*Asks:* 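Would you mind keeping the following structure in view while I ask a few things?
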Amino acid sequence: MPNAAASKTAITPRRDEDFAEWYQQVIRAAELAEPSDVRGCMVIRPWGYGIWENMQRQLDAMFRATGHRNAYFPLFIPLSYFAKEAEHVEGFAKECAVVTHSRLEVDADGKMKPSSPLAEPLVVRPTSETIIGASYAKWVQSYRDLPILINQWANVVRWEMRPRLFLRTTEFLWQEGHTVHESEAEARAETLRMLDVYETFVRDHLAIPVFSGEKSESERFPGAVRTLSIEAMVQDRRAIQAGTSHFLGQNFSRTSGIQFQNREGKQEFGWTTSWGMSTRLVGTLVMAHGDDDGVVLPPRIAPTQIVILPITPKEETRAKVLEACDQLARKLRASCYVDLPIEVEVDRRDLGGGVKNWEWIKKGVPVRIEIGPRDLEKDSVTMSRRDQSVKAKEFMAMEEFVQRASDVLMSIQENLYERAKKFRDDNTRKIDNKKDFYDFFTPKNSAKPEIHGGFALADWSGSREIEEEIKNDLKVTVRCIPLGDCAQAGRCIFTGEPSSRRVIWAKAY
RNA sequence: CGGGCUGUGGCUCAGCUUGGUAGAGCGCUGCGUUCGGGACGCAGAGGCCGUGGGUUCAAAUCCCACCAGCCCGACCA
């Protein structure tokens, strides 16, 4: 049954059978993360955390390069701080974890019970605008103290109803940038600049193309004047917000008292921004590039870029094979891929060769190298790329591979981007009337919906009622309103009213 | 927070209707055979059957309560 074996995929079900289940299975098979006993929370395992660490390191460098510095603010926010900005509280009220006691006591039944109620409850940060604002208020007196350009790497808690690994968990890791500026124009420019950083990062490092734009009023961050986002398409053709950047106007500086004497000598409230990206990106990465054999990692973000698998069928050649593997690893580590030493691992575990090979396939390591006795004789290696068929192998001299390694990684990175972009473009459509719009977003099989839809570019008047109606009918929302001046006036496909431009509609995570 | 379903070795589940010695497959450990490949054989380890209460001579099984998880809604990065 060679055919059956050849068509067998490492992950069951396949993406086209049940995408949601496929996603869970991939994460488990690749050992990225697992659900914990704590409701809605996950354990991020080394391979998944390694991906996050790479994202952190690379994003952090970009923040530094744009003049930002890291700092750290408290996990707990006094309820009174949090409640100052009316829209902000309202937006987050339903998903706050609140600390109300400071100790445990053993009760009559021998059970531990909270005691010593706090004078003021503390909210576990769902986001830090208010607590950071309290510090900024102390730091800012003069226009000379501005801008403040600070980022924080932290965990936050949002008591969501329906958690999914990486995409939506009660606790998640993220970075949140919080800046203060002396003028509206400067703050608005900062918002755009960071959106651009995000777009660049996701495109060049994660190999995922995005659309960027402004959120509609209904999707805006609670308390923001303007929310920008980047929107990626994953393989079930749904949209996923990969990063956001908010222009907060003076809303938060007013409530936090961030005030300064401006160049004219007058008191003025600071103009603030905030922007963030989270571990959700790991899930995005999985859904954007993964295949029916598991995760497929872009080389730039892979914790291990090249894994070397020693083939040791005979005891007498074992030592030599391992030595050759170590030697190759050393050479590779001495060479660079995008300015950093190549990350190599020799998998010496005492396991069946096939098992090992498949483990790395499922983990999505970009390049697998096999070295066995026959390779030793010819001083060659066998290479497999994760962006190509699992069975595909390329043979070359060891020295040649050392020379080419960086190029191979680059080629995989490019290939993944091109593939993702083609998928996105193939499933993005201009739509000019309501019927086509509804057809586009309606699955043929309503009992077991197949993968359908995508991004629809359609004119919209900006009416909130229409937005609501579409959401109720199709679960489709405005993902973003593209920026830029390539806008073309048209007519809203739902109402016929004038529209200034097409906006991007999709079902979203 | 509403509506439905499910809690049994690490994982997926059978057993429950009709109460009577706790099971299978995968995984794990050991030995052997294979092996440029997710192989096979044999032997083994591992379970307060979600928690608490009740009925009963006897409860994984029947009854009640609670807790947790999954799916479908409302909420969201």
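In what follows, every heavy atom counts, from backbone to side chain, and hydrogens, waters and symmetry copies are set aside. Just so it is clear, the model here is predicted, and its values are computed rather than measured.
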*Asks:* What integer number of Å spans the P atoms of C57(B) and C16(B)?
*Replies:* 24 Å

*Asks:* Could you check how far CG of D350(A) sits from P of G38(B), rounded to whole Å?
*Replies:*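 That distance rounds to 16 Å.
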
*Asks:* Under a 3.5 Å limit for both distances, which nucleotide forms a Watson-Crick or G-U wobble pair with U33(B), could you say?
*Replies:*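 For U33(B), the partner nucleotide comes out as A39(B), under the 3.5 Å rule.
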
*Asks:* Watson-Crick or G-U wobble partner for G44(B), using a 3.5 Å limit on both distances?
*Replies:*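 Its partner is C28(B).
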
*Asks:* Of D293(A) and Q241(A), whose nearest nucleotide on RNA chain B comes first from the 5' end?
*Replies:* D293(A)

*Asks:* Students often get this wrong, so: under 4.0 angstrom with heavy atoms, is F172(A) touching a base, only sugar-phosphate, or nothing?
*Replies:*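 Base contact.
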
*Asks:* Taking the minimum atom-to-atom distance to the side chain of R28(A), which one of G38(B), U12(B), C76(B) wins?
*Replies:*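 Nearest nucleotide to the side chain: U12(B).
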
*Asks:* Can you check the distance between A58(B) and G20(B), where both ends of the measurement are the C1' atom (answer in whole Å)?
*Replies:* 7 Å

*Asks:* Taking any heavy-atom pair under 4.0 Å as a contact, classify G352(A): base, sugar-phosphate, or nothing.
*Replies:* nothing

*Asks:* When both hydrogen-bonding distances must be under 3.5 Å and the geometry is Watson-Crick or G-U wobble, what is U56(B) paired with, if anything?
*Replies:*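 When the pairing criteria are applied, nothing turns out to pair with U56(B), so the answer is none.
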
*Asks:* Suppose the criterion is salt bridge (Lys or Arg N to Asp or Glu O under 4.0 Å): which pairs have a residue in residues 50-60 of chain A, not counting sequence neighbours?
*Replies:*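 Qualifying pairs: none.
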
*Asks:* Work out how far the P atom of U29(B) is from that of G46(B), and round it to whole angstrom.
*Replies:* 15 Å

*Asks:* Roughly how many Å apart are C31(B) and A14(B), using the P atom of each and rounding to a whole number?
*Replies:*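 That atom pair is separated by 36 Å.
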
*Asks:* What distance, rounded to whole Å, do you find between the two P atoms, one in G50(B) and one in U8(B)?
*Replies:*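 It works out to 6 Å between them.
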
*Asks:* Please report the distance separating the P of C13(B) from the corresponding atom of C70(B), rounded so that it comes out in whole Å.
*Replies:* 13 Å

*Asks:* Taking the six-membered ring for Trp, are the ring centroids of H88(A) and F221(A) within less than 6.0 Å of each other?
*Replies:* yes

*Asks:* Can you tell me the distance, in whole Å, between the CD atom of E95(A) and the P atom of C1(B)?
*Replies:*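 Atom-to-atom, E95(A) to C1(B), this comes out as 15 Å.
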
*Asks:* What parts of residues 354-365 of chain A reach RNA chain B, counting only heavy atoms under 4.0 Å away?
*Replies:* G354(A), V355(A), W358(A), K362(A)

*Asks:* Sequence neighbours excluded, which residues qualify as side chain to side chain donor-acceptor pair (under 3.5 Å) partners of D375(A)?
*Replies:*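 Partners of D375(A) by the side chain to side chain donor-acceptor pair (under 3.5 Å) criterion, ordered by chain and then number, come out as S380(A), T382(A).
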
*Asks:* Distance between the P atoms of A45(B) and A39(B), in whole angstroms?
*Replies:* 24 Å

*Asks:* Report the residues that fulfil salt bridge (charged side-chain N to carboxylate O under 4.0 Å, His left out) with E217(A), sequence neighbours left out, ordered by chain and then residue number.
*Replies:*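 E217(A) satisfies salt bridge (charged side-chain N to carboxylate O under 4.0 Å, His left out) with R464(A) only.
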
*Asks:* Applying a 3.5 Å limit to both distances, which nucleotide forms a Watson-Crick or G-U wobble pair with C13(B)?
*Replies:*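 Its partner is G23(B).
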
*Asks:* Between F73(A) and H178(A), does the ring centroid distance fall short of 6.0 Å?
*Replies:* no

*Asks:* Could you tell me how far apart L167(A) (CG) and C75(B) (P) are, to the nearest whole angstrom?
*Replies:*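 It works out to 18 Å between those atoms.
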
*Asks:* Could you state the CD-P distance from E90(A) to C75(B), rounded to the nearest angstrom?
*Replies:* 13 Å

*Asks:* Please tell me whether F437(A) and F441(A) form a close aromatic pair, meaning their ring centres lie under 6.0 Å apart.
*Replies:*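 Yes, close enough.
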
*Asks:* R374(A) has a side chain; which of G36(B), C11(B), C75(B) sits nearest to it?
*Replies:* G36(B)

*Asks:* Output yes when R15(A) and D292(A) qualify as a salt bridge under the 4.0 Å nitrogen-oxygen rule, no when they do not.
*Replies:*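 Counted as a salt bridge, because a side-chain N and a carboxylate O are separated by less than 4.0 Å.
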
*Asks:* Under 4.0 Å between any heavy atoms, over every strand shown, what does T169(A) touch: base, sugar-phosphate, or nothing? Just pick one.
*Replies:*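 T169(A): base contact, heavy atoms under 4.0 Å.
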
*Asks:* Looking only at the side chain of T382(A) (C-beta and beyond, no hydrogens), which of the listed nucleotides C75(B), G73(B), G36(B) gets closest?
*Replies:* G36(B)

*Asks:* Between P on G69(B) and CZ on R164(A), what's the gap in Å once rounded to a whole number?
*Replies:*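 About 17 Å, once rounded to whole Å.
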
*Asks:* Taking salt bridge (charged side-chain N to carboxylate O under 4.0 Å, His left out) as the definition, give me every residue that meets it alongside K320(A), ordered by chain and number, with sequence neighbours left out.
*Replies:*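 Partners of K320(A) under the salt bridge (charged side-chain N to carboxylate O under 4.0 Å, His left out) test: none.
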
*Asks:* Return the nearest nucleotide to the side chain of P373(A); candidates are G38(B), C11(B), G36(B).
*Replies:* G36(B)

*Asks:* Which nucleotide in the list G73(B), G36(B), C76(B) gets nearest to the side chain of D375(A)?
*Replies:*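 For the D375(A) side chain, the nearest candidate turns out to be G36(B).
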
*Asks:* Test of understanding: with side chain to side chain donor-acceptor pair (under 3.5 Å), list the residues that count as partners of E17(A), not counting sequence neighbours.
*Replies:* R14(A)

*Asks:* Watson-Crick or G-U wobble partner for U61(B), using a 3.5 Å limit on both distances?
*Replies:* none

*Asks:* If we take the P atom in both C66(B) and G2(B), what is their distance in whole Å?
*Replies:*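 Approximately 12 Å lies between the P atom of C66(B) and that of G2(B).
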
*Asks:* How would you label the contact of T279(A) with the nucleic acid (heavy atoms, under 4.0 Å): base, sugar-phosphate, or nothing?
*Replies:* nothing

*Asks:* Rounded to whole angstroms, how far apart are CD on E87(A) and P on C76(B)?
*Replies:* 13 Å

*Asks:* Flag the pair E231(A) and R424(A) as a salt bridge only when some basic side-chain nitrogen lies within less than 4.0 angstrom of an acidic carboxylate oxygen.
*Replies:*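 No, this pair does not count.
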
*Asks:* In whole angstrom, what separates R368(A)'s CZ from G36(B)'s C1'?
*Replies:* 13 Å

*Asks:* Could you state the atom-to-atom distance from CD of E377(A) to C1' of G36(B) in whole Å?
*Replies:*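 For the pair E377(A) CD and G36(B) C1', the rounded distance is 13 Å.
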
*Asks:* For C49(B), which nucleotide in any strand shown is its Watson-Crick or wobble partner with both distances under 3.5 Å?
*Replies:* none

*Asks:* Go through the structure and list residues passing ring-ring contact (aromatic ring centres under 6.0 Å, His included) with Y136(A), not counting sequence neighbours.
*Replies:* W139(A)

*Asks:* Suppose we screen for side chain to side chain donor-acceptor pair (under 3.5 Å). Which residues come up paired with T170(A), at least two apart in sequence or across chains?
*Replies:*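 T170(A) satisfies side chain to side chain donor-acceptor pair (under 3.5 Å) with no other residue.
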
*Asks:* Between E468(A) and A10(A), which has a closest nucleotide on RNA chain B that is more 5'?
*Replies:* A10(A)

*Asks:* Heavy atoms within less than 4.0 Å of RNA chain B: which residues of residues 301-332 of chain A have one? Give them sorted by number.
*Replies:*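 When residues 301-332 of chain A is checked for heavy atoms under 4.0 Å from RNA chain B, the hits, listed by number, are I311(A), P313(A).
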
*Asks:* Among G36(B), G73(B), C75(B), which is the nearest nucleotide to the side chain of K475(A)?
*Replies:*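 Closest nucleotide to the K475(A) side chain: G73(B).
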
*Asks:* When both hydrogen-bonding distances must be under 3.5 Å and the geometry is Watson-Crick or G-U wobble, what is C70(B) paired with, if anything?
*Replies:* G4(B)

*Asks:* Under 3.5 Å, is there a donor-acceptor pair between the side chain of T317(A) and the main chain of K314(A)?
*Replies:* yes

